[in-house]
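Worksheet: the structure to be examined is printed underneath.
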Amino acid sequence: MVAFASQTGAAERIAWLSANALSGAAKNLVRVAALGGLTAQDLSDAGILLVVTSTYGAGEAPDSARAFVRKQMAQVPMLKGVSYAVLSLGDRKYDATFCGFGCGLDRWLASAKARRMFDIVCVDGDDDTDAMTKWSEQLNKLGANTNVEQLMPGAPQDWLLAERRLLNPGSPGGEAWHIALTPKDPAQLNWTAGDIAEIWPRNRQADVEEFLDRHKLDGGLSFRWAGHWMFLRDIIAHCRLPQDYEVEGISLDWLVERLEPFALREYSIASLPGTGRMELLVRKAVKDDGSLGLGSGWLTQGSTIGGVVSLRLRPNPNFHAPADGPQILIGAGTGMAGLRAHLLYRAQKQLGDAWLLFGERSPATDLYYADDIKAWTADGTLARTDLVFSRQGGPRKYVHQLVTDEGARIKSWVERGASILVCGGLKMAAGVEEALVAILGEDKLDQLTQDGLYRRDVY
Ligand SMILES: Cc1cc2nc3c(=O)[nH]c(=O)nc-3n(C[C@H](O)[C@H](O)[C@H](O)COP(=O)(O)OP(=O)(O)OC[C@H]3O[C@@H](n4cnc5c(N)ncnc54)[C@H](O)[C@@H]3O)c2cc1C
Ligand SMILES: Cc1cc2nc3c(=O)[nH]c(=O)nc-3n(C[C@H](O)[C@H](O)[C@H](O)COP(=O)(O)O)c2cc1C
């Protein structure tokens, strides 16, 4: 059995690819299962168990496995006959909690006397070829026939920046930008509401050319880099530009080896592919020293209209539309991005029966996509809209308080089968969850999570 616990789809994808690679060799089909739906008995029956998981929050399990943590991991079952291994996805920028949940799960399985087949493999970010090579080698020892290329996500594709518009001039909050991109390859116009765009920040082209000229380097040479063949010009575009003293006197191979790639940045897609373009809602991050965040700075300022933006689509099944029934959409700030994609989908399918609860700072500047909201209200997509603004005089009020105030109505929507989607910042999402637990109870929210009726895209 390959079990997965995934928030934004990466672990789920690798779990399936690993199982498929093993199924080729195994006499029986390898079963793939969401960890959150398993009991200790299921684990005990697995025989050989591979777990692919990510870590969220601060060292916690992805949403779908949180009830598993509370209910199954609170005890130590006897899993003596089970042989297991864990692939743990994480990000070293989370430092002390790097791969925290995966490591905890690995220890828990060992404490239940399951046999660890090999040490936990910890993966740092989406493009950790070293860790994924280790995993693919271990899969092959179990009888699979795979390699790291098959398990890594594909290369980012070239998209062009088509439009950039500041949505909230004069806002008391950070700048929010509407960004529209068109793909060079129309086949890329293929995603579902809830999916994510991974953007690979880059240096300004002029800075790259200047660097190449200064060091007399041929930008057209190809190198194998991050699992793909790329031109030196493009590799350098996606890395911190080295100081002169880091470059002088070393071979080109060494230079390429030493380059420090920028990490990808994720953005919830705010549109559907039918329009021929992808739209994002991006908050420009400004650091204490006044410099801009790498990804948001590149999208909202560094890139040029008509210029290339490297982008990889990431399916995010955990935030796909749960069902066509009634739906409560809750979010704040740039969380409107993910909610908008779902409302566009519902409008397209004429589903109606949706309720938007959204919070921002000022009604005068921060009601993004007001025209869309008006249109969704007029065509019946939105049965109800509640907005809350924290900076309109009087005591500050936020969206989680709106949820609390609307508790009775939320309960009745859930009783008639409504799904709940939450999109936006972690703090907002934590407050909303606390409010939902108070309204519905923890068991009901667990049940909604297991049934795929409570889904979050939070960051
Ligand atoms: C699933 C998902 C969906 C997302 N969707 C959206 C979305 O729709 N819209 C959106 O705007 N964002 C979204 N994000 C967040 C986005 O991915 C980025 O995290 C965000 O844009 C900031 O990245 P950045 O590269 O601009 O800033 P970074 O360079 O990563 O900096 C971010 C912050 O870190 C701090 N920081 C970093 N380096 C320093 C330093 N040297 N000194 C001081 N402070 C520092 C600063 O506070 C800075 O503002 C999403 C994230 C996830 C995981
Ligand atoms: C809001 C948020 C919190 C995260 N917290 C952690 C963490 O505490 N430790 C860690 O190693 N990784 C953390 N990560 C990184 C994820 O584990 C990593 O991106 C992983 O590849 C996601 O896999 P998934 O798509 O299967 O959920 C976090 C990511 C996000 C967006």
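Whatever order the structure lists them in is the order used to number ligands and atoms, beginning at 1.
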- Query: Do NZ/NE/NH1/NH2 and the carboxylate oxygens of K71 and E442 come within less than 4.0 Å?
  - Reply: no
- N/O of A337 under 3.5 Å from N/O of ligand 1, yes or no? no
- Query: Among protein heavy atoms, which sits nearest to atom 16 (C) of ligand 2, and what does the distance come to when rounded to 0.1 Å?
  - Reply: T55 O, 3.5 Å
- Message: For atom 7 (C) of ligand 1, is there a protein heavy atom at a distance under 4.0 Å?
- Response: yes
- Message: Within the protein, is there a heavy atom lying under 4.0 Å from atom 34 (O) of ligand 1?
- Response: no
- Query: Would you say ligand 2 has an N or O under 3.5 Å from any N or O of E266?
  - Reply: no
- Item | V282, any N or O under 3.5 Å of ligand 1 N or O | no
- Item | Cationic N near anionic O, under 4.0 Å, R314 to E266 | yes
- Will you find, in the side chains of Y459 and T334, an N or O donor that is under 3.5 Å from an N or O acceptor? yes
- Shortest reach to atom 45 (C) of ligand 1 by a heavy atom, considering only Q7, K287, K93: K287
- Which heavy atom of the protein is the closest neighbour of atom 8 (O) of ligand 2, given with residue, atom name and distance? T97 OG1, 2.8 Å
- Over 12 non-hydrogen atoms of neighbours within 6.0 angstrom of CD in E257: no
- Looking at V247 and P242, what are the two nearest heavy atoms and their distance? CG2-CB, 3.7 Å
- Query: Relative to the heavy atoms of A10, which atoms of ligand 2 are at a distance of less than 4.0 Å?
  - Reply: 23 (O), 24 (P), 25 (O), 26 (O)
- Task: Under the side chain to side chain contact (heavy atoms under 4.5 Å, CB included) rule, what do W376 and T385 come out as? Steps first, then yes or no, please.
- Result: CA-CA 10 Å; W376 293 324; T385 301; over 6 Å; no
- Task: Considering non-hydrogen atoms only, spot the tightest contact between S88 and I120 and give its length.
- Result: CB-CD1, 3.8 Å
- Query: Under 3.5 Å, N or O to N or O, is Q7 touching ligand 2 that way?
  - Reply: yes
- Taking only Lys NZ, Arg NE, NH1 and NH2, and the carboxylate oxygens of Asp or Glu, determine whether D366 and R391 approach each other closer than 4.0 Å. no
- Item | Pair Y368-H178, ring-ring contact (aromatic ring centres under 6.0 Å, His included): steps then yes or no | CA-CA 9 Å; Y368 322 122; H178 175 76; over 10 Å; no
- Task: Work out whether the distance between some heavy atom of E60 and some atom of ligand 2 is less than 4.0 Å.
- Result: no
- Which residue supplies the protein heavy atom nearest to atom 25 (O) of ligand 2, what is that atom called, and how far is it? T8 OG1, 2.5 Å
- The atoms of ligand 2 lying under 4.0 Å from a heavy atom of R314, numbered in the order shown, are 25 (O)
- Message: Suppose I only count heavy atoms of A285 and a 4.0 Å limit; which atoms of ligand 1 are within that range?
- Response: 26 (O), 49 (O)
- Query: Polar-atom distance check: G59 versus ligand 2, any N or O pair below 3.5 Å?
  - Reply: yes
- Task: Please report the closest heavy-atom contact between D234 and R202, naming both atoms and the distance.
- Result: OD1-NH2, 3.9 Å
- Of all the atoms in ligand 2, which lie at a distance below 4.0 Å from a heavy atom belonging to G90? 10 (C), 11 (O), 12 (N), 17 (O)
- Message: Quick test: of every protein heavy atom, which one is nearest to atom 23 (O) of ligand 1, and how far off is it to 0.1 Å?
- Response: R265 NE, 3.5 Å
- Cationic N near anionic O, under 4.0 Å, D127 to R312: yes
- Message: Does any N or O of ligand 2 fall below 3.5 Å from an N or O anywhere on A58, backbone included?
- Response: no
- Note on the structure: Scanning both residues in full, the closest heavy-atom pair of P201 with G295 reads CG-CA, 4.0 Å
- Query: Considering the options L294, L280, V282, which one meets the side-chain contact (heavy atoms from CB on, under 4.5 Å) requirement together with I199?
  - Reply: L280
- NZ/NE/NH1/NH2 to OD/OE distance under 4.0 Å, E209 and R233: yes
- Message: Considering both backbone and side-chain atoms of V458, is one of its nitrogen or oxygen atoms within less than 3.5 Å of a nitrogen or oxygen in ligand 2?
- Response: no
- Quick check: are there more than 12 heavy atoms from other residues, nucleotides or ligands sitting under 6.0 Å from CZ of R396? no
- Output the list of atoms in ligand 1 that are nearer than 4.0 Å to some heavy atom of I196, sorted by atom number. 1 (C)
- Check each atom of ligand 2 against the heavy atoms of S54 and keep those under 4.0 Å away; list them by number with element. 17 (O), 20 (C), 22 (C), 23 (O), 24 (P), 26 (O), 27 (O)
- At their closest point, which heavy atom of A176 faces which heavy atom of R283, and how far apart are they? CB-NH1, 4.0 Å
- Message: Please report whether ligand 2 has a polar contact with S6, defined as an N or O pair separated by less than 3.5 Å (distance criterion only).
- Response: yes
- Between T8 and ligand 1, does any nitrogen or oxygen pair lie at a separation below 3.5 Å? no
- For Y459, the atoms of ligand 2 under 4.0 Å from one of its heavy atoms are 1 (C)
- Here the atoms of ligand 2 under 4.0 Å from any heavy atom belonging to L426 are 1 (C)
- Residue-ligand contact D288/ligand 1, heavy atom below 4.0 Å: no
- Interatomic spacing from CZ in R361 to CG in L367 - rounded to 0.5 Å: 15.5 Å
- Note on the structure: Honestly, for V458 the part within reach of ligand 1 (heavy atoms, under 4.0 Å) is neither
- Message: For atom 11 (O) of ligand 1, what's the nearest protein heavy-atom neighbour? Residue, atom name and distance, please.
- Response: R283 N, 2.8 Å
- Query: So which bit of Y94 gets within less than 4.0 Å of ligand 2, heavy atoms only: side chain, backbone, both or neither?
  - Reply: side chain
- Heavy atoms of the protein only: does one fall short of 4.0 Å from atom 47 (O) of ligand 1? no
- Under 4.0 Å from a heavy atom of D91: give me the atoms of ligand 2 that qualify, with their elements. 10 (C), 11 (O), 12 (N), 15 (C)
- Message: What I want to know is whether G100 and ligand 2 share at least one N or O pair that is separated by under 3.5 angstrom.
- Response: no
- Just going by heavy-atom distances, which of W177, F319, Y267, Y459 is nearest to atom 20 (C) of ligand 1? Y267
- Atoms of ligand 2, numbered as shown, that sit under 4.0 Å from any heavy atom of A11: 24 (P), 26 (O)
- If you measure every N/O of S296 against every N/O of ligand 1, is any gap under 3.5 Å? yes
- Interatomic distance, F68 atom CZ to W108 atom CH2 [nearest 0.5 angstrom]: 4.0 Å
- What one should report as the nearest heavy-atom pair of Y398 and V388 is C-CG1, 3.7 Å
